[in-house]
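As structure tokens, the structure follows; a few thoughts come after it.
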Amino acid sequence: MTTRDTAAALLDGYGRTYAEEAGVRLRDTPQPLYQLLVLSLLLSARIRASVAVASARALFADGLRTPRRMREATWQRRVDALGRGGYRRYDERTATQLGSGAALLEEEYGGDLRRLRAAAGGDVGALRAGLRRVPGLGPVGVDIFLREAQAVWPEAAPYLDAKALQGAERLRLPTDPARLARLTDGHGPEELAAALVRAALREDVARDVLTRV
């Protein structure tokens with residue numbers, strides 16, 4: 001068994017991004033980037049990932065796919081959509097944050113996260129700082145966003161944060177991001193990051209991978 005074998009088994013079984021799970025076809029265009037931001041905010045709460053994904057799907061199904069539509073929606077409409085996804089513990093606070101965040105993005109970036117990226121000028125630290133200004137998007141949410149956005153924002157790659165590296169350690173893989181990135185074998189770094197996070201969050205994922213190599 002080699003580290004490459006382990007990485008291949010991990011990616012084959014668990015390399016689907018959270019954006020894909022939420023039905024977001026990620027591209028470097030305003031709407032999918034905003035949808036990823038919403039998903040990242042939801043995933044950053046102390047709640048099951050499956051509930052966060054389902055709640056993001058419910059918001060998007062209700063038409064709340066852009067900052068303008070999120071801002072224009074009533075607070076109750078946002079609460080109700082979150083509730084349909086099962087996001088009940090934090091629904092009221094999160095509904096407020098989603099409205100405030102949408103307003104900030106519209107006012108400062110015309111609803112286009114690519115402008116936030118351009119303002120960072122390729123500096124990942126500046127990009128993180130800009131994202132942190134979005135209400136409700138703390139360090140964990142920023143990590144989630146950049147883990148997935150590295151697919152279309154390559155200046156952030158390889159973005160393997162502490163949670164992803166925790167998964168690597170559990171699987172006895174290298175914990176150096178550059179070494180890990182060399183194990184993707186045709187997969188994107190965002191897929192590796194998502195798979196490693198799943199291994200960190202769920203012991204059964206790590207166990208399954210290690211028994212298949």
Side-chain angles (χ1 to χ4, degrees), residues 3 6-11 13-22 24 26 28 32-53 56 90 94 97 101 113-114 116-117 119-185 187-206 209-210:
T3 55
T6 302
L10 174 69
L11 284 161
Y14 302 99
R16 190 182 187 200
T17 66
Y18 288 97
E20 287 181 282
E21 283 195 19
V24 179
L26 191 58
D28 189 25
L33 287 170
Y34 177 66
Q35 288 177 285
L36 175 60
L37 188 79
V38 170
L39 174 63
S40 301
L41 189 155
L42 299 180
L43 282 167
S44 66
R46 295 179 181 274
I47 199 163
R48 291 195 311 276
S50 59
V51 172
V53 168
Y90 303 102
T94 301
Q97 291 170 338
L113 281 163
R114 294 176 302 178
L116 185 153
R117 179 193 184 191
D123 183 325
V124 176
L127 188 56
R128 286 182 55 85
L131 290 166
R132 282 290 308 274
R133 296 186 59 229
V134 177
L137 200 72
V140 172
V142 169
D143 282 341
I144 294 168
F145 180 87
L146 291 175
R147 284 198 311 250
E148 306 253 329
Q150 67 182 315
V152 293
W153 290 0
E155 69 272 23
Y159 197 91
L160 298 165
D161 64 336
K163 184 59 70 175
L165 296 181
Q166 182 183 330
E169 185 174 10
R170 176 173 276 179
L171 291 166
R172 301 191 286 275
L173 289 169
T175 54
D176 175 68
R179 289 183 63 195
L180 274 172
R182 291 196 287 270
L183 300 175
T184 53
D185 280 345
H187 292 268
E190 74 284 358
E191 295 171 315
L192 177 63
L196 288 170
V197 167
R198 289 188 176 90
L201 295 175
R202 294 172 46 191
E203 288 186 17
D204 62 308
V205 168
V209 170
L210 292 173

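What you see is a predicted model, and the numbers here were worked out from it, not measured in a lab.
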task: Test side-chain contact (heavy atoms from CB on, under 4.5 Å) on Arg172 and Leu210 and set out the steps.
output: CA-CA 9 Å; Arg172 301 191 286 275; Leu210 292 173; 3.8 Å; yes
message: I'd like to know whether Leu165 forms a side-chain contact (heavy atoms from CB on, under 4.5 Å) with Leu180, so could you lay out the CA-CA distance, the side-chain angles of the two residues, the decisive distance to 0.1 Å, and finally the verdict.
response: CA-CA 9 Å; Leu165 296 181; Leu180 274 172; 3.6 Å; yes
- request: Take Leu116 and Arg133 through the side-chain contact (heavy atoms from CB on, under 4.5 Å) test and state the conclusion after the steps.
  value: CA-CA 11 Å; Leu116 185 153; Arg133 296 186 59 229; over 6 Å; no
task: Output, in order, the C-alpha distance, side-chain angles, deciding distance and verdict of side-chain contact (heavy atoms from CB on, under 4.5 Å) for Leu183 and Leu10.
output: CA-CA 11 Å; Leu183 300 175; Leu10 174 69; over 6 Å; no
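Contact between Thr175 and Ala168 at its shortest, heavy atoms only, is CG2-CB, 4.4 Å. Nearest heavy-atom pair, Tyr159 versus Ala193, reported as atom, atom and distance to 0.1 Å: O-CB, 4.0 Å. Contact between Gly136 and Ser44 at its shortest, heavy atoms only, is O-OG, 4.2 Å. Residue Ala52 comes nearest to Leu39 through the heavy atom pair O-CD1, 4.3 Å, listed as atom of the first residue, atom of the second, then distance. Scanning all heavy atoms of the two residues, the minimum distance from Leu33 to Trp153 falls at CD1-CZ2, 3.8 Å. Annotation for Leu42 and Ile47: closest pair O-CG2, 3.9 Å, computed over non-hydrogen atoms.
Under a cut-off of 6.0 angstrom, the local environment of CD in Gln97 is crowded, with over 12 non-hydrogen atoms contributed by other residues, nucleotides or ligands.
Atom CG of Leu196 and atom CD of Gln166 lie 10.5 Å apart (nearest 0.5 Å). For the atom pair CG of Asp123 and CD of Glu155, the computed distance is 10.0 Å after rounding to the nearest 0.5 Å. To the nearest 0.5 Å, atom CD of residue Glu190 and atom CD of residue Glu20 are 8.0 Å apart. For the atom pair NE2 (His187) and CZ (Arg16), the distance works out to 14.5 Å, reported to the nearest 0.5 Å. With rounding to the nearest 0.5 angstrom, the CD1 atom of Ile144 is 11.0 Å from the CG atom of Leu37. Expressed to the nearest 0.5 Å, how far CD of Glu191 lies from OG1 of Thr184 amounts to 9.0 Å.
Two residues are said to be in side-chain contact when any heavy atoms from C-beta on lie closer than 4.5 Å; Leu113 and Leu36 fail this criterion. Taking 4.5 Å as the limit, every side-chain heavy atom of Leu26 sits out of range of all side-chain heavy atoms of Thr17.
The pair Arg202-Asp204 counts as a salt bridge, with a side-chain nitrogen and a carboxylate oxygen less than 4.0 angstrom apart.
The side-chain tip of Arg128 does not point at the ring of Phe145 from less than 6.0 angstrom away and within 45° of straight on.
Looking at Arg147, its side chain never comes within 3.5 Å of a backbone N or O of Asp161 through a donor-acceptor pair. Gln35 places no side-chain N or O within 3.5 Å of a backbone atom of Val24 that could act as its donor or acceptor partner. Checked by atom type and distance alone, the side chain of Glu148 pairs as donor or acceptor with a backbone atom of Tyr18 at under 3.5 Å. Side chain of Arg179 to main chain of Pro174: no donor-acceptor pair is present (N/O by atom type, distance under 3.5 Å, no hydrogens or angles).
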